[in-house]
There are 2 protein chains.
Amino acid sequence: MLEASAFLRAEKKRLTPQRSLLLGIIRQHGHLDADEIYRLARRENPRLSLSTVYRTLNLLKELGLVEELHLGEEHHHYEAKAEEHHHLVCLSCGKVIECRLTEDLRELGRRHGFTMVSAQVELAGYCADCRKQGENDP
Amino acid sequence: MLEASAFLRAEKKRLTPQRSLLLGIIRQHGHLDADEIYRLARRENPRLSLSTVYRTLNLLKELGLVEELHLGEEHHHYEAKAEEHHHLVCLSCGKVIECRLTEDLRELGRRHGFTMVSAQVELAGYCADCRKQGENDP
DNA sequence: CCTCTAATTGCAAATGGTTCGCAATAGCGT
DNA sequence: ACGCTATTGCGAACCATTTGCAATTAGAGG
């Protein structure tokens, strides 16, 4: 939470209780959507507004502390930005496996004369568990 | 257009002029958004409604003829589904390079015990042209 | 061909996620 | 502590997409 205040000061932004609460919540969970964040946050601060959630999410995104995901759903998901990583989504149980493919992807880009800066990757398929449990999946 | 009618009949769906028009348009362009499709289609049929565009897009998506893309923007993009391919988006000129990474990605998934069925991939970076033209990009 | 009926369309209104305007509140540099 | 300015909460606005409904039409069967 404290390093965040450095990021904020650097841009003349303020560290409000709402912001630390939200960042804290995002950091202790993976890929939440705005409404889930809102509901979790309200348990701590019932007066918090949804606009503040969205405004904070956008701020944290600009600061590079949080990443916005497009997991195929209509609405966005957010998660604390650690090292870049990618998602393997199981079509059977819905589990989202995180992994680092950055170097491999950079190499794939290079083969097309492309210099990769960042990657959004979502592989859909079946995780080891589901593959074991039943061969009845499509 | 004609093979489409087979897909449709198979589900008791009808091949209307609106549907062939829309499928035609999607097939002759790459990654259009709903509104672009709407505007192009209206040049042929000015009475066409936006709802029909969306309804048709959803239908074609279910039939597997069209694919919905989430290119980081707020709204969706659509394109005719040919062979699976992936996108390299240039941060400088906005060009979208298409390429096939399927087998490579399957292999990356395998390393995590994951059986990949399909992949959505968007690498952001710089294309060869932009890299050449100026080293003034971020 | 003509008829009948269920599928489809266009329209307008509803929806759901996200943003914005504004007056009230509250960080934080001094 | 003070004051300036960023931030909040609220409600309304916004935009992409969906839906209800009455009018239209594709296409199977006669």
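Below, chains carry the letters A, B, ... as their sequence lines are ordered, and counting in each starts from 1.
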Over how many whole Å does the gap from [X] atom [atom1] to [N] atom [atom2] extend?
X       : N      : atom1 : atom2 : value
A/Glu68 : C/dG17 : CD    : C1'   : 12 Å
A/Leu59 : D/dA6  : CG    : C1'   : 11 Å
B/Lys12 : C/dA6  : NZ    : P     : 11 Å
A/Leu8  : D/dA6  : CG    : P     : 14 Å
A/Leu50 : C/dG17 : CG    : P     : 9 Å
A/Leu63 : D/dT7  : CG    : P     : 10 Å
B/His75 : C/dT19 : NE2   : C1'   : 17 Å
A/Glu11 : D/dA6  : CD    : P     : 13 Å

Heavy-atom side-chain contact between [X] and [Y] under 4.5 Å:
X        : Y        : answer
A/Leu8   : A/Leu59  : yes
B/His31  : B/Glu98  : yes
A/Met116 : A/Thr102 : yes
A/Ile26  : A/Leu57  : yes
A/Lys61  : A/His76  : no

Which pairs, protein N/O on one side and nucleotides 27-29 of chain D N/O on the other, fall under 3.5 Å?
unit_1 : atom_1 : unit_2  : atom_2 : d
D/dG27 : OP1    : B/Leu15 : N      : 2.9

Q | B/Arg39 with B/Glu36: basic N within carboxylate O range, under 4.0 Å | A |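 Salt bridge: no.
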**Q.** From CA spacing to verdict: side chain to side chain contact (heavy atoms under 4.5 Å, CB included), A/Arg47, A/Thr52
**A.** CA-CA 10 Å; A/Arg47 306 203 46 245; A/Thr52 298; over 6 Å; no
Could you write out each protein N or O paired with an N or O of nucleotides 11-14 of chain D at a distance under 3.5 Å?
unit_1 : atom_1 : unit_2  : atom_2 : d
D/dG11 : O6     : A/Ser51 : OG     : 3.1

(Q) Checking the side chain of B/Arg19 only, and the main-chain atoms of B/Arg14 only, is there a donor and an acceptor separated by less than 3.5 Å? (A) yes
Q: Please state whether the rings of B/His77 and B/His75 are parallel, tilted or perpendicular, taking 30° and 60° as the class boundaries.
A: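 Taking B/His75 first and then B/His77, their aromatic rings sit tilted (interplane angle of 30° to 60°).
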Taking only N and O in the side chain of [X], is any of them less than 4.0 Å away from OP1 or OP2 of [N]?
X       : N      : answer
B/Arg19 : C/dT9  : yes
A/Asn58 : C/dT19 : yes
B/Tyr54 : D/dT18 : no
A/Ser49 : D/dT8  : no
B/His76 : D/dT17 : yes

Q | B/Leu108/A/His86 under side chain to side chain contact (heavy atoms under 4.5 Å, CB included): CA gap, chis, key distance, verdict | A | CA-CA 11 Å; B/Leu108 297 186; A/His86 309 98; over 6 Å; no
Q) If you draw a 6.0 Å radius around CZ in A/Arg111, do more than 12 non-hydrogen atoms from other residues or ligands fall strictly inside? A)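 More than 12 heavy atoms, drawn from other residues, nucleotides or ligands, come within 6.0 Å of this atom.
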Q | Given D/dA16, C/dT18, C/dT9, the nucleotide with the shortest approach to the side chain of B/Gln18 | A | C/dT9
Q) Going by number, which of residues 35-48 of chain A have a non-hydrogen atom under 4.0 Å from DNA chain D? A)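 The stretch gives A/Arg47, A/Leu48 as the residues lying under 4.0 Å from the strand, ordered by number.
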Q: Would you sort out whether B/Arg110 and B/Glu107 count as a salt bridge (Lys or Arg N to Asp or Glu O under 4.0 Å), showing the intermediate values?
A: CA-CA 5 Å; B/Arg110 229 177 259 132; B/Glu107 168 56 23; 2.8 Å; yes
Q: By nearest nucleotide on DNA chain D, pick out whichever of A/Thr52 and B/Lys61 is the more 5' one.
A: A/Thr52
